[in-house]
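Read through the structure below, which is laid out as structure tokens, and then see the notes.
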Amino acid sequence: MASKVEGDHREPVNEQVVANMYASLRSELNQIYSKITELEMEVSEHSLVINAIQPLEPSRRCYRMIGGVLVERTIKEVLPAVQRNKEGLEEVIARLNEALEKKKKEISDLEAKYKIRIRKGDGNESKDESGRKEGTAQGVLVGPAGGSE
């Protein structure tokens, strides 16, 4: 820990700073993943709407929610708007995927530079527990709810 003093003038001060940087990058990565997932759900909803109203006649009435207000329009007016929205969402998803790849590279560079390894305690414990479940299980046996049998 203290033996790596020679490169400290431009490197982060200590392991805690590196760990905080790494945690913040992982947090940003998770936020990007969740935003992509949310937008992909919206794209699928837009696709469902497009598929539902496309075969209908263009002069037919339909309702669209705009900013929390339900507005009456015709399919001829709504269909192009929904298609444009879907295309816009797909462009945003593409940009987020690019940002995701950059963030992954940034994280892997940080992992390589500081030799960061993730402890996977959950995976190891489940393997160990599955092999010795019968002998080491500590539980409480409870009788029937009635109590008098």
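Quick caveat, the model's predicted, so the values are computed rather than measured. One is the number of the first residue; the rest follow in order along the sequence.
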N-O pairing of Lys113 and Asp109 below 4.0 Å: no
[atom2] on [Y] to [atom1] on [X], rounded to 0.5 Å:
X: Arg61; Y: Leu56; atom1: CZ; atom2: CG; result: 13.5 Å
X: Ile36; Y: Leu100; atom1: CD1; atom2: CG; result: 4.5 Å
X: Glu28; Y: Ile107; atom1: CD; atom2: CD1; result: 8.0 Å
X: Leu96; Y: Leu89; atom1: CG; atom2: CG; result: 10.5 Å
X: Ser34; Y: Leu29; atom1: OG; atom2: CG; result: 10.0 Å
X: Gln31; Y: Lys35; atom1: CD; atom2: NZ; result: 10.5 Å

Trace of the salt bridge (charged side-chain N to carboxylate O under 4.0 Å, His left out) decision for Arg95 with Glu98: CA-CA 5 Å; Arg95 286 192 210 124; Glu98 291 171 8; over 6 Å; no
Between Ser59 and Lys76, a side-chain donor and acceptor under 3.5 Å: no
Donor on one side chain, acceptor on other, Tyr114 and Glu15, under 3.5 Å: no
Where is the tightest heavy-atom contact between [X] and [Y], given as atom of each residue plus distance?
X: Pro80; Y: Ile75; answer: CD-O, 4.2 Å
X: Ile116; Y: Leu110; answer: CD1-O, 3.8 Å
X: Pro55; Y: Asn51; answer: CD-O, 3.3 Å

Step-by-step side-chain contact (heavy atoms from CB on, under 4.5 Å) determination, Glu45 to Lys86: CA-CA 9 Å; Glu45 288 176 10; Lys86 180 183 171 199; over 6 Å; no
Check against side-chain contact (heavy atoms from CB on, under 4.5 Å), Asn97 and Ile93: CA-CA 6 Å; Asn97 279 325; Ile93 290 172; 3.6 Å; yes
Which residues share a salt bridge (Lys or Arg N to Asp or Glu O under 4.0 Å) with Glu101, sequence neighbours left out: Lys104
Got [X] and [Y] here, is their nearest side-chain heavy-atom distance under 4.5 Å?
X: Val71; Y: Tyr63; answer: no
X: Thr74; Y: Arg60; answer: no
X: Val49; Y: Leu79; answer: no

Within 6.0 Å of CZ in Arg64, more than 12 heavy atoms from elsewhere: yes
Within 6.0 angstrom of Lys103 NZ, more than 12 heavy atoms from elsewhere: yes
Verify same cluster id: Leu25, Ile118 (apolar side-chain graph, 4.5 Å): yes
Ile50-Val92 co-clustered via ILVMFWY side chain contacts under 4.5 Å: no
Report yes or no: does [X] contribute a side-chain atom to a donor-acceptor pair with the main-chain N or O of [Y] at less than 3.5 Å?
X: Thr37; Y: Tyr33; answer: yes
X: Asn14; Y: Val17; answer: yes
X: Glu87; Y: Arg84; answer: no

